[in-house]
Amino acid sequence: MSSAKRAPHEKMQFQLTLRRRGISDQAVLRAMEEVPRENFVEEGFREDAYLDVPLPIACGQTISQPFVVAYMTEQLQLRNVHRVLEIGTGSGYQAAVLSRLVREVVTLERFRSLAKRAQARLTRLGYGNVEVLVGDGFSVPDEAGHFDRIMVTAAMESIPDDLVRLLEPEGVLIAPVGPQTGSQTLVRLRKTPDGVERTDLIGVRFVPALAGIAREM
Ligand code: SAH
């Protein structure tokens, strides 16, 4: 069956799965509906683009499961004035979803080839408010400035203070925290005048965050 014929049914199922799993924010559901995931997966996996599963992308990385993308987006409590930092561009899919909901997205990727491909794809699809930078989430350049929201999409053993420092007052950061192999806990931090509040959310599985720019392409 052609992808054009498959799409409506599969996209309906995709929305139903997200709702059934508890995603209720209408703006998030709309963003998930609008961003064409088939354009972010590898050629050989187009058929599976609307299944609620993570899929392999280049450089041994993965595009996250749609439920996890929607859940993290919802838990970030976004407003359209926000400036958001993502660490771990991968395919650019999560950045595209974020870009539908906020003013500006800056996303950092340690693999040059992934960053380049993601930027080209995002530009081609018209996501003009996303900037992809080659960089290391463990040492974000000062020029990047401060952010209302930060989303980390690779597993960190702990959240670096340097990242929390990049948050504006009342800023929120969400990251998978735990060992590099196996599962992690999705942790949300909020910067308040009295300090940093931590909320542990759900169990997740992410590829590890590794320090430094990747030496391979
Ligand atoms: N958000 C992505 C999926 C993330 S997979 C998507 O929507 O497709 C995790 C990504 O984080 C990988 O591409 C990996 O190379 C990247 N990464 C790992 N450690 C990093 C670091 N220290 N800085 C920047 N990116 C990193």
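Because only heavy atoms are used, hydrogens play no part in the values below, and waters and symmetry mates are left out as well, while side chains stay in. Atoms within each ligand, like the ligands themselves, are counted from 1 in listed order.
Ligand 1 lies out of reach of Ala118, whose nearest heavy atom is not under 4.0 Å from it. Under the 4.0 angstrom criterion for non-hydrogen atoms, Val69 is not in contact with ligand 1.
Listed by number with element, the atoms of ligand 1 under 4.0 Å from a non-hydrogen atom of Ser91 are 6 (C), 7 (O), 8 (O). Interface of Ile63 with ligand 1, defined as ligand atoms under 4.0 Å from a residue heavy atom, comprises 8 (O). Heavy-atom contacts of Leu114 reach the following atoms of ligand 1: 13 (O) (cutoff under 4.0 Å). Each of the atoms 23 (N), 24 (C) of ligand 1 lies under 4.0 Å from some heavy atom of Gly135. Atom numbering of ligand 1 starts at 1 in the shown order; those under 4.0 Å from a heavy atom of Gly137 are 21 (C), 22 (N), 23 (N), 24 (C). In summary, the atoms of ligand 1 found under 4.0 Å from a heavy atom of Phe111, numbered by their order in the structure, are 15 (O). Under a 4.0 Å criterion applied to the non-hydrogen atoms of Thr62, ligand 1 contributes the atoms 3 (C), 4 (C), 5 (S). Near Val207, meaning under 4.0 Å from any of its heavy atoms, are these atoms of ligand 1: 5 (S), 9 (C).
In terms of polar-atom proximity, Ala95 is not counted as a contact of ligand 1, lacking any N or O under 3.5 Å from an N or O of the ligand. In terms of polar-atom proximity, defined here as any N/O pair under 3.5 Å, Glu109 does make such a contact with ligand 1.
Phe40 and Tyr127 have tilted rings, their planes meeting at an angle from 30° to 60° on a 0 to 90° scale.
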Worked verdict on Glu38 versus Arg46 for salt bridge (charged side-chain N to carboxylate O under 4.0 Å, His left out): CA-CA 5 Å; Glu38 74 268 19; Arg46 295 260 160 85; over 6 Å; no

From CA spacing to verdict: side chain to side chain contact (heavy atoms under 4.5 Å, CB included), Arg121, Ser91: CA-CA 9 Å; Arg121 179 182 282 148; Ser91 66; 3.8 Å; yes

Residue pair Glu42, Arg117: steps toward the salt bridge (charged side-chain N to carboxylate O under 4.0 Å, His left out) verdict: CA-CA 11 Å; Glu42 297 295 312; Arg117 284 180 65 191; 3.5 Å; yes

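Annotation: side chain of Phe138 is not in contact with side chain of Asp162 (no heavy-atom distance under 4.5 Å).
Here Leu163 contributes atom CG and Leu85 contributes atom CG; the two are 7.0 Å apart, rounded to the nearest 0.5 Å.
The part of Pro208 lying near ligand 1 is the backbone, judged by heavy-atom distances below 4.0 Å. Residue Tyr93 touches ligand 1 through backbone and side chain together, judged by heavy-atom distances below 4.0 Å. Residue contacts with ligand 1, taken as heavy atom pairs separated by less than 4.0 Å, involve Arg110 via backbone and side-chain atoms alike. Only backbone heavy atoms of Thr89 (N, CA, C or O) come within less than 4.0 Å of ligand 1; its side chain stays farther off.
For atom 22 (N) of ligand 1, the choice among Leu210, Leu108, Thr107 with the nearest heavy atom turns out to be Leu210. Between Met151, Arg37, Gln61, Glu86, it is Glu86 that holds the heavy atom closest to atom 1 (N) of ligand 1.
A side chain to side chain donor-acceptor pair (under 3.5 Å) with Gln94 is found for exactly one of Thr107, Thr73, Thr89, namely Thr73.
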